[in-house]
K.L.:
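Before I ask anything, let me first share the structure, which is written out below as structure tokens.
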Amino acid sequence: MDTGSKIYMDYAATTPVDPRVVAAMQPYFTGSFGNPSSIHVFGQVAEMALEKARQEVAEIIHASPDEIFFTSGGTESDNLALRGVALARRKLTGADTLLISPVEHHAISRTAQQLASEFDFNLEVLPVDQTGRVDPDEVSRRIGPKTALVSVIYANNEIGTVNPIGAIGEVCREQGVPLHTDAVQAAAYLPIDVQAAAIDLLSLGAHKFYGPKGVGVLYVRKGTPILPVQTGGGQEGGLRSGTQNIPYIVGLAEAFKITQAEIHSRAARLIPLRDRLIGEVLETISEAALTGHPAERLPNHASFVFNHADGNALVTLLDVAGFACSSGSACKTGNPEPSEVLTAIGLPREWALGSLRITLGTGTTPEHITAFLKTLPDRVNRSRGMAYRH
Ligand SMILES: *Cc1c(COP(=O)(O)O)cnc(C)c1O
């Protein structure tokens with residue numbers, strides 16, 4: 001299949017690898033292929049690259065290098081944070097309750113659900129407002145000596161809402177409870193400072209910020225109890241065994257450096273495009289609503305629901321028309337399920353099933369937005385005729 005003439009508007013799903021990142025990775029596949037655990041010069045070269053990458057990531061988020069752990073991606077980082085801290089803190093303190101938001105990525109919510117159903121943890125879910133934001137006062141009301149860990153997403157992948165992580169971090173710190181945040185979406189557009197925001201654990205995934213797929217970071221504040229989930233040769237300070245993927249780790253660090261250096265210029269270019277898109281969609285399409293926060297949202301993120309539309313059909317119609325976007329509802333044959341995030345922000349089923357997410361990025365041009373806006377109203381109408389009804 002040819003994607004050459006297609007317009008990509010799904011940067012929250014994944015991003016193309018920046019050519020500068022590809023160039024930085026290249027030498028570590030062939031010439032400098034050593035195992036960083038080896039004693040000889042081949043190993044030393046790999047280890048130097050590994051530790052340089054660790055240093056670079058640490059510096060950007062205001063951490064120290066020994067608090068940076070490389071993983072296979074956002075999902076693994078989320079799993080390690082939740083499972084590792086839950087098990088270690090319960091053993092240490094008896095705390096057995098997990099406090100999470102209802103708008104987490106499945107890497108958090110499904111992991112928390114498994115910890116509850118298979119490992120006897122209590123799972124408590126925070127309320128969110130209609131924009132999907134967690135109120136720090138609600139964390140304050142629910143947190144206590146039985147809380148093993150709090151996990152709140154930094155910026156939401158489905159609705160773009162940015163949470164007040166710094167204020168939530170303060171509440172957790174006062175109570176002595178570790179705060180984890182999934183910053184996989186946030187990393188491409190927001191400065192990240194684990195000191196200023198009082199974050200104890202933070203997940204990153206390179207492919208959401210123009211790095212390669214299959215590599216991520218878990219930041220763990222020194223002194224945070226955490227049990228390794230993957231055991232073996234003791235790499236990554238014993239927290240994550242397995243020979244490190246050096247080219248990908250080098251790529252992650254390079255992509256993170258470039259992205260974080262360019263966040264302001266990227267946001268300045270994309271915000272007007274995003275706002276034009278949001279404004280015109282709401283103006284030209286009946287029974288349309290923006291999901292997520294109108295202002296506290298990712299600069300590249302526009303997400304909508306259309307009453308009585310079929311989100312999956314809409315994405316398919318747009319794909320045929322040459323635009324790649326996504327919908328929140330799970331594609332189950334016969335009986336579509338509205339997204340848990342859209343349900344959590346209080347949307348009725350008929351609205352939640354008609355969701356559409358458009359996420360912009362480095363390749364997006366004003367002409368793309370114009371062409372998309374010309375196509376969308378007709379496709380929404382058609383998808384309304386196709387909606388699944390009871
Ligand atoms: C993409 C994503 C993940 C999963 O990251 P992978 O690197 O794809 O495993 C987790 N959380 C959020 C918010 C994401 O957007």
Side-chain angles (χ1 to χ4, degrees), residues 8-17 21 57 68-84 100-114 128 132-134 150-163 165 168 179-190 192 199 201-219 229-230 240 242 244-245 248-249 251-253 255-256 259 291-293 296-303 324-328 330 339-342 344-345 355 357-361:
Y8 189 75
M9 302 179 115
D10 201 12
Y11 288 85
T14 194
T15 57
V17 182
V21 171
V57 172
I68 302 297
F69 302 89
F70 292 111
T71 68
S72 68
T75 300
E76 189 192 327
S77 295
D78 284 351
N79 270 263
L80 176 54
L82 240 70
R83 213 168 261 127
I100 70 169
S101 90
V103 294
E104 296 301 309
H105 188 276
H106 280 159
I108 292 293
S109 58
R110 296 279 190 265
T111 305
Q113 284 160 15
Q114 196 204 51
V128 283
R133 277 197 125 203
V134 171
V150 175
S151 187
V152 174
I153 194 165
Y154 203 134
N156 191 275
N157 47 305
E158 273 187 63
I159 57 176
T161 296
V162 179
N163 266 310
I165 283 299
I168 294 168
L179 170 68
H180 168 261
T181 188
D182 176 336
V184 175
Q185 291 290 334
Y189 289 98
L190 306 175
I192 291 174
I199 293 162
L201 302 108
L202 176 136
S203 303
L204 299 174
H207 77 99
K208 304 292 175 70
F209 51 77
Y210 305 92
K213 293 166 185 64
V215 62
V217 161
L218 181 65
Y219 156 76
V229 168
Q230 181 161 298
R240 201 274 186 182
Q244 290 93 343
N245 190 342
Y248 282 54
I249 288 168
L252 177 147
F256 196 40
T259 290
T291 56
H293 201 283
E296 298 296 326
R297 67 182 302 128
L298 289 169
N300 70 324
H301 198 293
S303 53
C325 347
S326 71
S327 175
S339 118
E340 289 157 32
V341 170
L342 299 180
I345 60 172
S355 66
R357 179 184 75 180
I358 302 111
T359 44
L360 316 179

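Just so we're clear, the structure is a prediction, and the values are computed from it rather than from any experiment. Both counts, for ligands and for their atoms, begin at 1 and track the order of listing.
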K.L.:
Just checking, is any N or O donor in the side chain of T15 or H207 under 3.5 Å from an acceptor N or O on the other one?
P.N.:
no
K.L.:
Under a strict 4.0 Å criterion on non-hydrogen atoms, which protein residues are in contact with ligand 1?
P.N.:
G73, G74, T75, D78, H105, I153, N157, D182, V184, Q185, H207, K208
K.L.:
Quick one: do the R297 and H293 side chains pair a donor with an acceptor below 3.5 Å?
P.N.:
no
K.L.:
For S326 and R357, which I'm curious about, is there any donor-acceptor pair between the side chains at under 3.5 Å?
P.N.:
yes
K.L.:
Is a donor from one side chain sitting under 3.5 angstrom from an acceptor on the other, for T111 and N79?
P.N.:
yes
K.L.:
Given E158, which partner from the list S303, S327, S339 fulfils the side chain to side chain donor-acceptor pair (under 3.5 Å) test?
P.N.:
S339
K.L.:
Just checking, is any N or O donor in the side chain of D78 or S203 under 3.5 Å from an acceptor N or O on the other one?
P.N.:
yes
